[in-house]
Engineer: 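First the structure, which I've put down as structure tokens, then a few questions once you've had a look.
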Amino acid sequence: MSPRNRRSSERFAETVLDGPLLEVSDLKTHFRTDRGLVKAVNGVSLTLERGRTLGVVGESGSGKTVLSRSIMGLLPKHNVVRSGSVRFEGREIGAGDPRTMRPLWGTEMAMVFQDPMTSLNPVMRIGNQITESLRYHLEVAKDFANETAIALLRSVGIPEPERRMREYPHQLSGGMRQRVTIAIALACGPKLLFADEPTTALDVTVQAQILDLLQAQQRERFMAMILVTHDLGVVAGRADDIAVMYAGEVVEKAPTRTLFTEMRHPYTEALLKSIPKLGDPSHTRLEAIGGRPPDLVDPPPGCKFAPRCPYAQNRCAMEVPVLTESGSSGHAFACFYPVGVGAAPVAGA
Amino acid sequence: MSEPSNSEASTQSVDTQVLLDEVTTAELEVAPTRRIGVAGWLAAAWLIMVVLVAFLVPLLPLDNLNESVASLARQGPFTDGHVFGGDGNGRDLLSRVAWGTRASLEVSVGAVGAGMLIGGFFGLIAGYFRGRLETVLTGLLDVMLAFPQLVLALALVTFLRGDPNQEGGVRLSTVLVLVIALGIVSTPIIARITRASTLTWAQREFVLASRAQGARSFRILFREVLPNVLPAMFSIALLGVAVVIVAEGGLSLLGLGVELPTPSWGNIIALGRNDLRDAPHIVFIPSIAIFITVLALNYLGDVVRAKFDIRESGL
Amino acid sequence: MRFVVRKLVQLTVVLLLVTFISFLLMNLLPGDPVEVIVPFGSDEQRQALREDLNLDDPMITRYWDWLSGLVRGDFGKYYTTSSSRPVSKDLKEALPVSLQLMAYAQIMALAVAIPVGVATAYRAGSRFDKAANTSAFAMLAMPNFAIALLLSYYLGVKLDLLPVTGYRPFGEDQAEHFRRMAMPALSLAVGQIAIYMRLLRSDMIATLQEDFITMAKAKGMRPRRILWRHALRPSSLTLLTVAGLNVGTLIGGAVVIEVIFSLPGIGRLIYEAILSRQYVAVQSFIVVIGAAYVILNFLVDILYSILDPRIRHVRAIQ
């Protein structure tokens, strides 16, 4: 075993194997800009068990992309203020120090990016992009790395993998490229996969294939996955739990079935209404969410969704609702006047 | 392939991503010299001084340019009240460098001015009228760029000047020869920049609007397009003057600079090279003059470029 | 393949034009070329020169004869009052010297500029970055002849570290060869370092913002590997083009530098030919330089498409 691997294995000697895989508590990620401090992620707590899938849903600007990058420690140090705790297999990695994180990146946690047109190196052969992490992390021989890469490409559904190994990204279609990035992410067998809007940049016809592939791989490898999307429909059949984010905060989280049957937060409701459903008669009007996401430098006081919320009362503009668990089965939401419960104030009351 | 090509993927921009990019870009980009700043004013002050010296040198209280004093030969700065000391022949170096400013500026401003007129005109009409005219013009200019600049200048000076001692033929002063040669060399570069800038401005709404109103082409070209193209031309002109000052120095070292006894920064250096061992100041003082002038011109060129947001892609 | 054919056609056209312009130079001479070249020659000698230059033929015939002479390796002659000798021999001896000088300068410039450019991009905004940028800006304003004279004064005269003039072939004495080439090459390299460094820095900063760099980071690659293996190559395309184009600057600089350091290269030959009014020889040197430069840029274009597979692909489609 190489010194590099030995070091990382020593580091994980005390790894706790029975706790949750990932525990995020009160994670904040703020950016210093000319306009002021942008509170992109503002106190998010999450728990993820091994082999489970968590869907993180929110519109553009809700902080979901920053959240996944922040958990993984991929943000630049400069002008980024990060606080809170991130525990991976019981170990604190909240500081996000690259030297601590590097042994985890690729081997323990990996990421599939949004746009496969830009996330592959244009001047490196596909094969090298897959084998480099194998050879670097696992220090396997070149031939073995090549065979593994070919097997990986085959497993993500790429025909003629031997030929593809020698090709450059521009020679592949968008869907194929995303399959390649998935193969790269899976190469070293990570325990946690972040999929950051993995289908947003793809043709509609390909989106379902890629999502199915991710799900199949996740199950086969008993890998945990955080699936980030703006589309509730994407996570509906695929995530075990769902966290809905708004303006850098989680406003509702629940097991998937519970969320869809008993959604409480008006924002979740609005999100659901904004996606088309197959069952609807054609020409059913989709309801766009009125207004714009709040300014993250200077957010409104009180509930940040209040200015856009159809149910908002005076209190919503003044007090901040706290994410509170209600009932059983881990359903939590941050709202004073949740939908489907009647007018009685609930959270933080 | 089972999946359709997706080369024009709808890259829905996610705000957070944009935000992230802004942060990292802001973090990485060292602020461009957008404001003129202290350094900018210093640069401008130096250039103004250089220009004033070039114009007013006959009025300045300087020693005789060509008077040799044997005791002053190769003497360093501050010898007997000669601030820059003497040159190899015992002439006052201050006076020679001051007069040299005039010749160096005549050559550089003259050459770049000529390049601006010819290259600017070609660039404007190539960028505005497009079509076959543009193809022919850019082709011609590209061929001129196929020569290394200094070598083309050297060739032109050599052959335009001919043998100085020979009778007959049309004799041009070396300053004029240098202006012509270096003007020809700078033409394609200026034309290229002007064309690139014209291309972008010629498609703007206000130009199209006056076209639609039936304004004459040349009127549009000079009244609407040219004023907007001028900043780009001006920034390249500043750099051009710097390049030509250096080129005159290089040509002087090859014996092709301004002809003695007229001093130029370049030929003072060329002549001083013989005394480098004993009197390095003869070479270094005009070299420093060139260095500071070029530095100032480059700096102001950058300032102009940043101020008018001129992209370098046209270069 | 069509890409290469089209490029070759283009190359031929430009070469013809470049040679034609060089050919026309002789017509710029004020007065009769024969009078200028051999002012004191005998009548027979003048007649011989007149025939060498085909001065009595129409221009296009003259061009064609001259050009086919060049292709056959006939670069004209040096004419003195009593005799003449071919230029080609001198050219053949001088060419390697000039090429060595330029190659060393280019290697030196890239060897400094690439690591510094990469480091400044990686640490953009740091004190090191600012210092490097300021120095680059100053270096850009230094004429190469001033650097050459400065070096020869301090390293050559004052410290007596390196010989100020002269050349030693590589085959004869390698150490001495490099001792004598060090200052000339450095004088040429300084300006290039600044250009290359600034260029690579800005391209590299742009590349480091790319998704595929974050991807490489997320793969757990070390910064050094990300910089050199992932970011450098996509950032080096402009650098390569400019390095190719800058050979023009390098050639012009080499002419001056060779004269300053008395290196027996083409620049030195041009200088001597100008001094002794050998216009036929000057013309040959200029056409050789022009043609070499055109061919070099052609090669850079080809190399460019090898470095960036995207271009190869796009051009193949065209």
Side-chain angles (χ1 to χ4, degrees), chain B residues 21 24-25 27-30 139-140 142-156 158-163 165-172 242 245-247 249-251 253-256 269 272-273 276-277 280 283-284 287-288 290-299 302, chain C residues 13-15 17-18 21-22 25-32 35-36 39 121 124-125 129-130 133 137-138 140-146 149-150 152-153 157 164 205 208-209 247-253 255-256 259-260 267 270-271 273-275 277 279 282-283 285-286 289-290 293-294 297:
Chain B
D21 288 345
T24 40
T25 319
E27 163 207 351
L28 289 168
E29 268 310 309
V30 175
L140 257 173
D142 280 350
V143 172
M144 288 172 74
L145 287 171
F147 281 97
Q149 292 173 35
L150 191 80
V151 175
L152 184 58
L154 173 159
L156 289 169
T158 308
F159 286 93
L160 279 172
R161 200 180 60 169
D163 179 1
N165 306 318
Q166 194 223 339
E167 305 287 312
V170 190
R171 288 260 79 88
L172 301 172
I245 289 177
V246 173
L251 290 172
L253 285 160
L254 302 175
L256 295 173
I269 295 172
R273 201 160 76 80
L276 183 66
R277 193 169 286 273
V283 162
F284 291 150
S287 292
I288 291 167
I290 293 180
F291 171 68
I292 299 177
T293 309
V294 172
L295 197 64
L297 286 164
N298 285 353
Y299 191 85
D302 274 12
Chain C
V13 172
V14 176
L15 276 178
L17 287 168
V18 163
I21 290 176
S22 315
L25 283 172
M26 198 60 92
N27 292 2
L28 290 177
L29 269 185
D32 183 359
E35 290 297 323
V36 182
D129 177 40
K130 282 176 186 147
N133 273 302
F137 202 79
L140 274 180
M142 287 183 200
N144 50 30
F145 55 81
L149 293 168
L150 194 74
S152 36
Y153 181 68
V157 177
V164 176
I205 285 177
L208 289 176
Q209 313 272 315
V247 172
T249 321
L250 222 50
I251 294 171
V255 173
V256 178
V259 171
I260 292 179
I270 292 182
Y271 175 64
I274 292 170
L275 281 186
R277 300 182 302 277
Y279 293 103
V282 175
Q283 191 182 27
F285 297 140
I286 283 162
I289 292 176
Y293 184 50
V294 169
N297 278 325

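Here is the naming used below: chain letters follow the sequence lines, and residue numbers restart at 1 for every chain.
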Engineer: Heavy atoms, side chains only, cut-off 4.5 Å: are C:Ile286 and B:Val151 in contact?
Structural biologist: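 They are in side-chain contact.
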Engineer: May I ask you to name which of B:Ile269, B:Thr293, B:Val246 has the most heavy-atom pairs under 4.5 Å with chain C?
Structural biologist: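 Max contact count across the listed options: B:Val246.
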Engineer: C:Ala138 and B:Leu295: which non-hydrogen atoms are nearest, and at how many Å?
Structural biologist: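 That would be CA-CD1, 3.9 Å.
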Engineer: Take the angle between the ring planes of C:Tyr279 and B:Phe159 and call it parallel below 30°, perpendicular above 60°, tilted in between.
Structural biologist: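 It falls in the tilted class, 30° to 60°.
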Engineer: Restricting to non-hydrogen atoms, name the atom on C:Tyr271 and the atom on B:Leu253 that form the minimum distance, rounded to 0.1 Å.
Structural biologist: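 So the two residues come closest at CE1-O, 3.8 Å.
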Engineer: Using non-hydrogen atoms and a 4.5 Å limit, figure out which bit of C:Phe137 sits close to chain B: side chain, backbone, both or neither.
Structural biologist: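 Both parts, backbone and side chain.
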Engineer: Can you tell me which portion of B:Ala242 sits under 4.5 Å from chain C's heavy atoms? Options are side chain, backbone, both or neither.
Structural biologist: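 No part of B:Ala242 comes within 4.5 Å of chain C.
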Engineer: Considering all heavy atoms of both residues, which atom of B:Arg277 and which atom of C:Tyr153 are nearest to each other, and what is their separation?
Structural biologist: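 So the two residues come closest at O-CE1, 3.8 Å.
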Engineer: Any idea which of C:Leu149, C:Asn144, C:Leu17 has the most non-hydrogen atom pairs under 4.5 angstrom with chain B?
Structural biologist: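 Option with the greatest count: C:Leu149.
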Engineer: For B:Leu145 versus C:Tyr293, what's the shortest heavy-atom pair and its separation?
Structural biologist: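 It is O-CE2, 3.8 Å.
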Engineer: Using every non-hydrogen atom in the two residues, find where B:Val143 and C:Ile21 come nearest and quote the distance to one decimal.
Structural biologist: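 So the minimum-distance heavy-atom pair works out to CG1-CD1, 3.5 Å.
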Engineer: Less than 4.5 Å to any heavy atom of chain C: does that hold for the side chain of B:Leu256, its backbone, both, or neither?
Structural biologist: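 Side chain of B:Leu256 only, per the 4.5 Å heavy-atom cut-off to chain C.
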Engineer: For B:Leu150 and C:Gly252, work out which heavy atoms get closest and say how close.
Structural biologist: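 Closest approach of B:Leu150 to C:Gly252, heavy atoms only: CD2-O, 3.1 Å.
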Engineer: Do the side chains of C:Phe145 and B:Ile290 get nearer than 4.5 Å, heavy atoms only?
Structural biologist: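 Counting from C-beta outward, B:Ile290 and C:Phe145 do come under 4.5 Å.
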Engineer: If you tally heavy-atom pairs under 4.5 Å against chain B, which of C:Ser22, C:Pro143, C:Ala146 wins?
Structural biologist: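 Greatest number of close heavy-atom pairs with chain B: C:Pro143.
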Engineer: Evaluate the side-chain proximity of B:Arg273 to C:Val259: yes if any heavy-atom separation is below 4.5 Å, no if none is.
Structural biologist: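 Yes, close enough: below the 4.5 Å cut-off.
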Engineer: If you count heavy-atom pairs under 4.5 Å with chain B, which of C:Ile274, C:Val14, C:Val294 comes out on top?
Structural biologist: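 Answer, by heavy-atom pair count under 4.5 Å with chain B: C:Ile274.
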Engineer: Which region of C:Leu275, side chain (C-beta onward) or backbone (N, CA, C, O), has a non-hydrogen atom less than 4.5 Å from a non-hydrogen atom of chain B, or is it both or neither?
Structural biologist: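 Contact with chain B is absent: no heavy atom of C:Leu275 under 4.5 Å.
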Engineer: To the nearest 0.5 Å, how far apart are CD1 in B:Ile288 and CE in C:Met142?
Structural biologist: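 It comes to 10.5 Å.
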Engineer: Among the options C:Val247, C:Leu150, C:Ile251, pick out the one with the most heavy-atom pairs lying under 4.5 Å from chain B.
Structural biologist: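 The candidate making the most pairs under 4.5 Å is C:Leu150.
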Engineer: Going through the distances and angles, do C:Thr249 and B:Gln149 end up as a side chain to side chain contact (heavy atoms under 4.5 Å, CB included)?
Structural biologist: CA-CA 7 Å; C:Thr249 321; B:Gln149 292 173 35; 5.9 Å; no
Engineer: Which atoms of B:Phe284 are under 4.5 Å from chain C, going by heavy atoms: the side chain, the backbone, both sets, or neither?
Structural biologist: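 Side chain of B:Phe284 only, per the 4.5 Å heavy-atom cut-off to chain C.
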